[in-house]
There are 4 protein chains.
Amino acid sequence: MWLRTSCDLTFDITVPTPFILMLRPRSGAQQWIAREEYSLTPSVPVVEFTDNYGNLCQRLVAPPGIFAVHTVSDVMTADFVDRAPGAPFVEIQNLPDAVLSYLLPSRYCESDHFCAMATSITAGQKLGYDQVAAIETWLRSTIRFEPGSSDIPVSALEVNARQSGVCRDLSHLGIALCRSLSIPARLVVGFLYGLAPMDLHAWFEAYVAGRWYTFDATQTVLKGGYVAIGYGRDAADVAVYNQFGPAVYPTAQGVDVQLIEKEEV
Amino acid sequence: MWLRTSCDLTFDITVPTPFILMLRPRSGAQQWIAREEYSLTPSVPVVEFTDNYGNLCQRLVAPPGIFAVHTVSDVMTADFVDRAPGAPFVEIQNLPDAVLSYLLPSRYCESDHFCAMATSITAGQKLGYDQVAAIETWLRSTIRFEPGSSDIPVSALEVNARQSGVCRDLSHLGIALCRSLSIPARLVVGFLYGLAPMDLHAWFEAYVAGRWYTFDATQTVLKGGYVAIGYGRDAADVAVYNQFGPAVYPTAQGVDVQLIEKEEV
Amino acid sequence: MWLRTSCDLTFDITVPTPFILMLRPRSGAQQWIAREEYSLTPSVPVVEFTDNYGNLCQRLVAPPGIFAVHTVSDVMTADFVDRAPGAPFVEIQNLPDAVLSYLLPSRYCESDHFCAMATSITAGQKLGYDQVAAIETWLRSTIRFEPGSSDIPVSALEVNARQSGVCRDLSHLGIALCRSLSIPARLVVGFLYGLAPMDLHAWFEAYVAGRWYTFDATQTVLKGGYVAIGYGRDAADVAVYNQFGPAVYPTAQGVDVQLIEKEEV
Amino acid sequence: MWLRTSCDLTFDITVPTPFILMLRPRSGAQQWIAREEYSLTPSVPVVEFTDNYGNLCQRLVAPPGIFAVHTVSDVMTADFVDRAPGAPFVEIQNLPDAVLSYLLPSRYCESDHFCAMATSITAGQKLGYDQVAAIETWLRSTIRFEPGSSDIPVSALEVNARQSGVCRDLSHLGIALCRSLSIPARLVVGFLYGLAPMDLHAWFEAYVAGRWYTFDATQTVLKGGYVAIGYGRDAADVAVYNQFGPAVYPTAQGVDVQLIEKEEV
């Protein structure tokens with residue numbers, strides 16, 4: 001399907017503030033960006049670079065006053081999310097080198113603490129995809145999804161203690177559980193068509209049977225319409241914006257995802 | 001200045017043909033892409049990747065029939081080309097690792113054959129920027145610039161024998177001369193505002209005093225308005241399109257560069 | 001100075017166990033490896049790769065039984081640790097891209113929680129090197145160094161609560177404090193000549209004035225003799241060994257560092 | 001089999017001369033380095049880095065006088081060279097991104113000129129491995145192998161004109177022929193057990209059926225015992241040493257490869 005995604009962030013800046021933004025979705029194996037706009041008001045010099053995970057990041061210093069970022073993309077993405085019941089676990093020794101870092105514990109995914117719990121949740125499952133599916137189902141039925149309840153990332157240990165969280169929190173717990181079973185898992189931040197209430201979204205991917213599969217415990221049924229902006233080990237790696245100096249929060253944030261006709265593209 | 005660049009390529013394909021395109025200019029230290037379109041007619045699956053030089057490349061298989069590629073970009077680029085007379089040569093041992101490969105001979109820049117000639121052309125010059133400027137001046141006065149005279153890249157040796165060439169040819173010879181003096185040099189392919197006749201353009205950069213500087217022997221005076229699409233050792237690395245199987249040439253090619261008002265962006 | 005470092009690890013394996021080892025120090029800007037041995041008993045197939053941080057890692061599957069890893073290196077390293085009082089803080093916008101990821105919170109360095117504490121510890125210091133030196137001094141006088149007290153990494157928050165720790169723990173807290181001040185910091189694992197009791201060692205580096213500087217709160221006075229094996233954001237990235245499946249601990253571990261004459265090399 | 005390889009290079013230096021050496025074989029999927037020595041006389045500071053192809057390179061400035069490089073490695077490598085008659089051609093669209101650059105013409109492999117010749121040599125062969133095997137056979141029977149006949153690399157076009165060459169020359173022609181058929185091919189420089197007369201060696205690899213296969217037109221029958229030092233597009237990328245400034249050649253060069261017992265390792 002063809003989607004038009006947009007994101008508007010507005011900040012009220014008091015002192016010159018360095019930002020690293022990650023707001024340019026990138027074409028790859030799963031999606032194709034046919035049109036894109038990225039505007040900054042006021043206009044400031046920007047330098048773009050690629051991070052360790054292949055994400056495009058934009059560096060700039062926001063001047064005092066109202067500072068607005070506006071992005072729009074027309075993206076071709078899959079109509080359906082691939083599911084693969086029974087797809088096998090990949091032995092560590094057969095994983096590609098580039099996937100290995102997704103096995104390690106990270107800031108918000110203390111996988112070194114979840115081995116017993118993950119083993120219990122996935123008891124009786126075939127090793128691989130079915131384990132991750134059991135984790136996704138367990139998250140859906142156990143951790144209450146409360147969109148908009150939190151601005152600050154919390155780690156999997158705390159999500160598990162609270163038994164509730166935003167999309168990012170559920171993903172962090174899912175990732176920690178997967179990694180504790182030696183299944184590589186990563187966080188994805190992006191857009192989802194039909195998300196209610198509409199906002200930026202986060203989900204997770206697990207590596208089984210030689211490729212990454214999408215999982216999302218916030219949705220009862222996974223439909224297509226996912227557009228990835230960035231990938232990483234957890235929210236520390238894939239922040240839509242990182243800002244340095246005195247904390248600054250968006251005074252306004254608007255996200256929109258529309259289905260468009262291919263002819264409009 | 002803000003420029004709107006566009007490129008249209010049309011091919012008449014007889015058998016399914018794999019292509020690698022390099023037509024998405026990338027934001028970086030020198031330019032910022034504020035808007036961009038990339039369309040393919042008919043629409044086919046595309047996978048994008050980053051090559052060894054940091055260029056974004058698009059892989060696809062063109063189906064039989066008319067196949068058209070259309071790209072448009074709104075780009076902020078410098079009003080002036082930086083010049084730095086007297087800027088010093090960087091000793092090999094002080095070059096960044098990533099720059100070293102631009103010292104080696106490459107397909108179209110047989111730098112291993114030009115040492116005596118480069119020494120003669122740059123006699124009396126201070127080592128560094130002034131040597132490259134002398135090479136640029138020599139190229140401008142010696143090698144006749146004949147836009148549109150050649151479709152197939154030829155190497156620096158042959159350019160020197162012919163004493164004439166297209167923009168790419170002059171650049172190849174300039175690069176070979178620089179490298180023979182142990183000055184890193186690379187080819188840039190992109191757009192130039194005001195180029196006459198308008199077409200895709202190629203120029204070269206040399207690394208002195210800790211950064212890359214722009215040189216272009218095809219222009220009497222270097223004004224701003226350069227938009228880079230790709231960087232590489234020579235035309236073998238930065239082809240706007242590489243196509244595999246029976247040779248296919250564009251049946252139509254259109255390039256346009258307009259000055260735009262920032263408000264239009 | 002020339003050092004001969006050795007490390008012996010012995011495991012008692014019950015089921016075939018995948019390992020990722022990081023035991024090959026690498027030549028670079030700071031040290032030169034003139035001789036090296038790396039043996040495995042029994043001999044098994046090994047594949048070596050380079051991780052995201054540039055470390056050489058060895059992948060293998062250890063067979064059931066006694067499994068021993070033995071490494072020896074002859075290394076040229078600096079006689080003195082560079083100190084640079086007054087060296088300035090690097091503004092975020094001027095940091096190299098490759099350094100940015102060392103600003104982010106990570107598994108064992110929750111820098112997002114230490115801003116107030118770091119500000120207090122470094123009150124009155126010139127921004128940059130002097131702040132890091134104040135953190136190092138504070139660690140030395142506040143957090144009790146207890147070598148050998150812990151096998152399992154704990155995070156900066158917990159180290160701060162316990163007020164004691166091993167070399168890795170003090171480093172994690174130092175790193176978290178630096179990053180909370182927007183100073184890039186990373187963990188280094190390796191050898192230190194004269195360490196008592198002799199063991200593998202961990203220290204940290206901070207990026208100020210355009211380069212990495214060494215800090216080590218476990219030593220009263222920093223002498224030379226540091227040999228780096230690996231770099232990373234924290235202990236999750238630079239484990240000397242990562243092992244998958246049922247936990248396995250070394251049954252024996254021997255580390256030795258000797259001063260050698262250059263003629264022996 | 002276990003091999004002990006050694007290489008000694010001696011230069012007579014007149015002015016301080018920057019060198020980039022590539023003399024440290026690297027462990028990988030095909031070989032394991034169990035012991036290694038790398039000494040320089042006189043001892044000078046060295047910085048090591050990894051180039052675009054994954055090779056370890058050493059940068060240094062050689063001082064005036066006799067300058068000697070001595071390397072020894074104990075390496076586990078395969079007893080046999082894998083052969084795979086019938087292994088299929090990989091369609092361009094299915095090649096890994098990292099392999100694509102080995103399709104392009106390069107300094108010494110002008111693949112853009114060899115399409116007709118390669119088609120003729122491989123007439124009737126199944127696409128893929130069998131084409132490369134036909135090229136290897138054709139080289140063996142057509143281009144006279146004259147070890148030691150040349151110090152300066154020449155390109156495939158000239159090798160084909162001369163109808164003779166050293167191991168590197170035959171490889172360059174083989175690579176150019178493969179690439180002209182859209183088969184990725186690369187040059188390997190290293191050691192070969194049993195080579196007569198003993199020297200550094202060069203051969204080529206072609207990518208078919210999802211992996212690289214070894215080809216060597218200088219040997220009547222391919223036995224095992226290959227130890228790779230470096231990989232690249234051609235000899236411009238994989239020079240054992242690159243030296244800058246006035247040309248310097250080794251006054252002495254010694255290469256040795258011995259079969260060793262595993263117990264000696």
Side-chain angles (χ1 to χ4, degrees), chain A residues 16-20 44-54 57 59-62 91-98 100-113 115 152-157 176 179-183 232-239 242-247, chain C residues 16-20 44-54 57 59-62 91-98 100-113 115 152-157 176 179-183 232-239 242-247:
Chain A
T17 301
F19 271 86
I20 299 176
V44 294
V46 196
V47 174
E48 196 163 45
F49 71 101
T50 303
D51 73 9
N52 281 341
Y53 303 95
C57 301
R59 303 174 64 171
L60 56 88
V61 179
E91 298 284 340
I92 305 293
Q93 57 271 35
N94 298 327
L95 288 172
D97 296 341
L100 292 172
S101 71
Y102 293 108
L103 283 173
L104 303 175
S106 59
R107 171 66 186 90
Y108 299 113
C109 303
E110 306 98 333
S111 46
D112 40 333
H113 286 274
C115 191
I152 296 167
V154 294
S155 77
L157 281 174
R179 290 187 194 157
S180 74
L181 298 170
S182 295
I183 297 175
R233 294 208 278 186
D234 62 28
D237 291 331
V238 274
N242 267 308
Q243 154 262 327
F244 302 90
Chain C
T17 301
F19 271 84
I20 299 177
V44 294
V46 195
V47 175
E48 196 163 43
F49 71 101
T50 303
D51 72 9
N52 281 341
Y53 303 93
C57 302
R59 303 173 64 171
L60 57 86
V61 179
E91 299 283 341
I92 306 293
Q93 57 269 36
N94 298 328
L95 288 171
D97 297 340
L100 293 173
S101 71
Y102 293 107
L103 284 173
L104 303 175
S106 59
R107 171 66 185 92
Y108 298 113
C109 302
E110 308 97 332
S111 46
D112 41 332
H113 285 273
C115 191
I152 296 167
V154 294
S155 76
L157 281 174
R179 290 186 194 157
S180 75
L181 299 170
S182 296
I183 296 174
R233 295 208 277 185
D234 63 26
D237 291 331
V238 273
N242 267 307
Q243 154 263 325
F244 301 90

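None of these values were measured; they are calculated from a predicted model. Here is how names work: the chains are called A, B, and so on, in the same order as the sequence lines, proteins then strands, and each is numbered from 1. The figures here come from the full heavy-atom set of this structure, side chains too, leaving out hydrogens, waters and symmetry mates.
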Margin query: side chain to side chain contact (heavy atoms under 4.5 Å, CB included) for C:F49 and A:L100? Distances and angles first, verdict last.
Written below: CA-CA 11 Å; C:F49 71 101; A:L100 292 172; 3.3 Å; yes

Note to self: With a 4.5 angstrom heavy-atom cut-off, is it the side chain or the backbone of A:L104 that approaches chain C, or both, or neither?
What the structure shows: side chain

Note to self: Walk me through whether C:R59 and A:D97 qualify under side chain to side chain contact (heavy atoms under 4.5 Å, CB included).
What the structure shows: CA-CA 9 Å; C:R59 303 173 64 171; A:D97 296 341; 2.7 Å; yes

Notebook entry, point to check: Under a 4.5 Å heavy-atom cut-off, does chain C meet the side chain of A:L60, its backbone, both or neither?
Noted result: neither

Notebook entry, point to check: What distance do A:S101 atom OG and C:N52 atom CG have between them, rounded to the nearest 0.5 Å?
Noted result: 5.0 Å

Checklist line | Top contributor to chain C interface from A:T50, A:L181, A:L95 [non-hydrogen pairs under 4.5 Å] | finding: A:L95

Check: With chain C, which of A:R107, A:E110, A:E91 has the greatest number of heavy-atom pairs at distances under 4.5 Å?
Finding: A:R107

Check: Quick one: what part of A:D112 sits under 4.5 Å from any heavy atom of chain C, side chain, backbone, both or neither?
Finding: side chain

Note to self: Return the CD to CZ distance between C:Q93 and A:F244, rounded to the nearest 0.5 Å.
What the structure shows: 10.5 Å

Next item on the list: Would you mind checking which part of A:S106 comes under 4.5 Å of any heavy atom in chain C, side chain (CB onward), backbone (N, CA, C, O), both or neither?
Entry: backbone

Notebook entry, point to check: Non-hydrogen atoms of chain C under 4.5 Å away: do they reach the side chain of A:N242, the backbone, both or neither?
Noted result: side chain

Item checked: Contacting moiety of A:Y53, where chain C heavy atoms sit under 4.5 Å -> side chain

Notebook entry, point to check: Would you call C:D237-A:R233 a salt bridge at under 4.0 Å N-O?
Noted result: yes

Item checked: Best-contacting candidate, A:S182, A:P105, A:C115, against chain C by heavy atom pairs under 4.5 angstrom -> A:P105

Next item on the list: Give, as side chain, backbone, both or neither, the part of A:I152 having an atom under 4.5 angstrom from any heavy atom of chain C.
Entry: neither

Checklist line | Which atoms of A:I20 approach chain C - backbone, side chain, both or neither, heavy atom under 4.5 Å | finding: side chain

